[in-house]
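What follows is a short report on a single structure.
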There are 2 protein chains.
Amino acid sequence: MAGLPELGLEQFDPESARCQGVSGVLQRVGDKWSVLIVAILAAGPRRFSQLRREIPAISQRMLTLTLRSLERDGLVSRTVTPTIPPRVDYELTTLGHSLQQPVLALAQWAVAHLPEIAEAQARFDTTRERPR
Amino acid sequence: MAGLPELGLEQFDPESARCQGVSGVLQRVGDKWSVLIVAILAAGPRRFSQLRREIPAISQRMLTLTLRSLERDGLVSRTVTPTIPPRVDYELTTLGHSLQQPVLALAQWAVAHLPEIAEAQARFDTTRERPR
DNA sequence: CTGTATCCGCTGAGATACTG
DNA sequence: CAGTATCTCAGCGGATACAG
């Protein structure tokens with residue numbers, strides 16, 4: 001958070017529901033797969049196995065868990081079609097779509113400043129160590 | 001990320017340096033203490049022990065580690081004054097300040113949609129389980 | 001096809017004690 | 001004051017196997 005005042009967090013209180021909630025959202029953004037899945041679903045609904053193919057690096061377990069969390073938070077809707085074999089479609093909710101603007105802004109900041117960050121890291125690493 | 005195209009991530013490649021970098025930034029934002037520390041430093045430089053007092057819940061170890069990471073990424077500058085006892089001031093860099101806009105946007109999104117999220121979670125939890 | 005259940009190693013993070 | 005060094009434990013996340 002930048003200005004805590006702007007958020008109604010004048011004096012930091014880690015116990016307040018508001019702070020907990022904000023922190024929760026930030027952690028969801030920081031989690032390994034959530035943002036990527038939301039980004040993919042932003043282009044349209046996908047079936048479970050489509051997502052697996054589009055994200056080869058994810059394990060089945062983590063795909064399931066991540067989708068469950070997103071569903072629980074109301075960002076993604078899950079629609080089961082009980083055919084045989086079964087079919088499950090995942091789709092971004094309105095809330096899920098609304099998350100995209102701020103997240104995209106952050107991602108663009110990241111892309112824009114990647115060189116600067118890499119340079120700072122390189123400088124730090126060479127300056128401060130010869131770690132063994 | 002919302003539109004991967006907008007980021008130059010047309011087809012997802014987890015190995016690409018760009019994707020790694022964006023992911024790294026998102027994880028820094030999601031990390032437990034980084035954003036809070038950046039928010040506090042946004043109001044002005046602080047000494048190590050001032051930060052400890054302003055964030056009672058953080059351990060000395062995590063404060064040190066978090067500040068080191070932020071310094072490594074070029075978001076925070078560390079200034080040692082070798083008096084006795086020593087004095088160390090932490091301050092946001094220009095890059096650190098520039099991170100605030102997108103992060104604040106995200107935090108404001110979170111605050112705005114907190115009720116909606118809580119409601120979705122409650123619905124999910126009551127609908128899907130009586131976990132024992 | 002779409003999951004759930006298990007096992008398991010790695011890392012994150014707290015508590016505590018010690019140092020310049 | 002401002003750290004570093006250990007120890008420890010819990011939880012994330014991968015691999016694999018099984019189920020509806």
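Below, each value reflects all heavy atoms present in this structure, side chains not excepted, and no hydrogens, waters or symmetry copies.
- You'll find the side chain of Val76(B) stays beyond 4.5 Å of the side chain of Thr93(B), heavy atoms only.
- Atoms CD (Gln60(A)) and P (dG20(D)) sit 15 Å apart, rounded to a whole Å.
- Following rounding to the nearest Å, Leu63(B) (CG) and dA2(D) (P) show an atom-to-atom distance of 10 Å.
- Here dA5(D) presents its P atom at 11 Å from CZ of Arg61(B), a figure rounded to the nearest Å.
- Minimum heavy-atom separation, Thr83(A) to Pro85(A): OG1-O, 2.8 Å.
- Scanning DNA chain C 5' to 3' for nucleotides with an atom closer than 4.0 angstrom to a non-hydrogen atom of chain A gives a first and last hit of dC1(C) to dT6(C).
- Within the structure, every side-chain polar atom (N or O) of Tyr90(B) is placed at least 4.0 Å from both OP1 and OP2 of dC1(D).
- The listed nucleotides are dG14(D), dA17(D), dG20(D); the one nearest the side chain of Pro86(A) is dG20(D).
- Residue Arg47(B) places at least one side-chain N or O closer than 4.0 Å to OP1 or OP2 of dA2(D).
- Between Leu75(A) and Leu99(A), the shortest heavy-atom contact is CD1-CD2, 4.2 Å.
- Rounding to whole angstrom units, CD1 of residue Ile84(B) and P of dG3(D) are separated by 15 Å.
- Between Arg52(B) and Leu65(A), the residue anchored closer to the 5' end of DNA chain D is Arg52(B), taking for each the nucleotide with the nearest heavy atom.
- Using a 4.0 Å cut-off, some side-chain N or O of Arg68(B) falls inside it from OP1 or OP2 of dT4(D).
- Using a 4.0 Å heavy-atom cutoff across all strands shown, Arg78(B) reaches sugar-phosphate atoms only and no base atom.
- Residue Gln27(A) contributes atom CD, which lies 12 Å from atom C1' of dC12(D) at whole-angstrom precision.
- Proximity of Leu41(A) to Leu51(A): side-chain heavy atoms (C-beta onward) are separated by under 4.5 Å at one or more points.
- With respect to Asp125(A) and Arg123(A), no salt bridge is recorded, no charged nitrogen being found less than 4.0 Å from a carboxylate O.
- For the pair Lys32(A) NZ and dG11(D) C1', the computed distance is 14 Å after rounding to whole Å.
- Between Val25(B) and Ile117(A) there is a side-chain heavy-atom pair separated by less than 4.5 Å.
- A donor and an acceptor atom, one from each side chain of Gln100(A) and His97(A), are nowhere located under 3.5 Å apart.
- For the pair Thr64(A) and Ile58(B), nearest-nucleotide mapping onto DNA chain C gives the more 5' position to Thr64(A).
- Judged purely by distance below 3.5 Å, without hydrogens or angles, the side chains of Arg78(B) and Tyr90(B) pair a donor atom with an acceptor atom.
- dA5(D) atom P lies 16 Å from atom CE of Met62(B), rounded to whole Å.
- Looking at every heavy atom in both residues, Ile37(B) comes nearest to Leu63(B) through CD1-CD1, 3.7 Å.
- In the helix from dC1(C)-dG20(D) to dG20(C)-dC1(D), the end axes, each obtained as the rotation axis mapping the C1' atoms of four pairs onto the next four within a five-pair block, lie 40° apart to the nearest 10 degrees.
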